Amino acid sequence: MAARAGVSTATVSNALNGTGRLSEATRQRVLAAARELGYAPASTARALARGGTGVLGLTMTTYGDLPVPYIEIPYYAQLTLGAMSAAHERGYLLLAMPSSTSPWMWLNTPMDGVIHGGPRADDPVRAILRERGIPMISEGRPPEPRRCDAWVDADHEAGLRLLLDHLAQSGARRIGLSLPLHDDAYPRLIAHAYRSWCDEHRRPALVEEYDSLPDYFTAEQDAVSRLLRHDPGPDAVIGVYSDSGHNILAAARHHGLRVPEDLLVACVSEDPDYATTTPPVTTVSLRPGRVGAEAVDLLIAVINARCGVDRRRLVQPVLLPRRSTRRAVRPRNGTQ
């Protein structure tokens, strides 16, 4: 591996163990060489040698007794796969813990560190994990961050601006936003990005909020209906949850609006079904697989007390334009 990556064997060891003062480019070059050569570190032996378990935990926050099928949500499914692949590549096992796991399991399952997804302001999982005193990072920014917090998140502000700029270039002048009410950082970041963009471009801020629990499907469709009843109404609507595009399309049909002729529609989602809806819906991907891989890298860095590491990382989103934001060009003088 050292020969393949053009580095010393000590550098290979540091890159795989998450130790040493290496540039990110060097670390990634070593990991790429490991992939090419099919190298799989013996995680258990390495872990025992350093007094660890060789196991990383991935867990999501809970909402009382309400079951949340995280693995059925495309974002979290891709996040889990990305984190699992990165952990295996670095010689660790990844234990994906369900949101319904009892506090006893969180307190007693042997793990070297934990990635905690979706931290809330009053987060029972986060509080329990802190009691263990083991390294922990967040997938998503904590709503009330502390100086010592380490987290990885998608750049939600940049993602929303990608959508807003795209809609404006497609001719939209009154862009509405359906905004969930929730006690994590996501809605606050989205709201700030949206209002800042509207102020910069001197556009009206058209926002309708809705309760994200227990049934955000109906709640969001009602919120979009309220947006469409504005006078004057929006000529485009953005949603920021996985099923928001489906909810906006349903509300548009209910109001007799054609997409994209009467209303442009876009959302933040990883759902592949948007490529085949009628019409296909423009989305922004938050690249959860990359978020998961970065979360594993940061957690291993924290476990090994690696110096000079960026403890707050943002993954850049990607815009996927589709038919729902592309109005047909009107013919001139009766010709195409």
Side-chain angles (χ1 to χ4, degrees), residues 1-60 70-71 76-98 101 105-117 129 132-139 150-153 287-313 315:
M1 268 189 293
R4 177 68 64 94
V7 298
S8 68
T9 55
T11 296
V12 169
S13 178
N14 285 331
L16 294 176
N17 292 321
T19 56
R21 292 172 177 261
L22 304 180
S23 70
E24 187 58 28
T26 299
R27 195 177 304 280
Q28 291 302 323
R29 193 162 71 250
V30 172
L31 294 177
R35 283 193 296 270
E36 291 168 7
L37 295 172
Y39 175 76
S43 60
T44 303
R46 288 173 48 214
L48 290 173
R50 64 173 180 263
T53 66
V55 177
L56 306 178
L58 171 64
T59 188
M60 306 296 174
Y70 283 107
I71 207 65
Y76 291 108
Q78 293 179 36
L79 171 77
T80 301
L81 290 174
M84 189 174 295
S85 176
H88 293 173
E89 184 178 75
R90 304 288 286 275
Y92 285 84
L93 302 178
L94 183 78
L95 177 61
M97 303 173 72
T101 301
M105 183 174 288
W106 277 318
L107 286 170
N108 290 278
T109 301
M111 292 180 289
D112 291 344
V114 178
I115 300 166
H116 176 46
L129 291 173
R132 294 194 59 173
I134 64 173
M136 177 176 65
I137 71 157
S138 298
E139 177 279 317
W151 51 259
V152 177
D153 200 8
R287 300 170 66 204
R290 185 64 196 167
V291 173
E294 287 287 340
V296 167
D297 182 75
L298 179 55
L299 179 58
I300 293 174
V302 171
I303 290 171
N304 291 286
R306 201 165 82 211
C307 299
V309 172
D310 184 0
R311 295 170 61 91
R312 301 182 177 187
R313 304 185 183 184
V315 172

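No hydrogens, no waters, no symmetry mates; every other heavy atom, side chains included, goes into these values. Model, not experiment: these values are computed from the prediction.
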Only counting residues at least two apart or in another chain, list the ones meeting side-chain contact (heavy atoms from CB on, under 4.5 Å) with A87. L56, Y92, L94, V296
Do E139 and V152 have side chains that approach each other closer than 4.5 Å (heavy atoms only, starting at C-beta)? no
Please enumerate all residues that pass side-chain contact (heavy atoms from CB on, under 4.5 Å) together with A10, with sequence neighbours excluded. S8
Would you check if P135 and D112 make a side-chain contact, meaning some heavy-atom pair closer than 4.5 Å? no
Nearest non-hydrogen partners of Y70 and Y76, listed with the distance: O-CB, 3.3 Å
What distance separates M111 CE from L299 CG, expressed to the nearest 0.5 Å? 10.0 Å
Of all residues at least two apart in sequence or in a different chain, which pass the side-chain contact (heavy atoms from CB on, under 4.5 Å) check with L81? none
Interatomic spacing from CD in Q78 to CD1 in I71 - rounded to 0.5 Å: 10.5 Å
Measure the CG-CD1 distance between L79 and I115 for me, rounded to the nearest 0.5 Å. 7.5 Å
Report the residues that fulfil side-chain hydrogen bond (donor to acceptor under 3.5 Å, both in side chains) with T80, sequence neighbours left out, ordered by chain and then residue number. none
List the steps, then state whether side chain to side chain contact (heavy atoms under 4.5 Å, CB included) holds for R90 with D297. CA-CA 9 Å; R90 304 288 286 275; D297 182 75; 2.9 Å; yes
Apply the test side chain to side chain contact (heavy atoms under 4.5 Å, CB included) to residues I137 and R313: give CA-CA distance (whole Å), side-chain angles for both, the deciding distance (0.1 Å), then the verdict. CA-CA 11 Å; I137 71 157; R313 304 185 183 184; over 6 Å; no
Looking at every heavy atom in both A33 and A5, which two are closest together, and how far apart are they? CB-CB, 4.1 Å
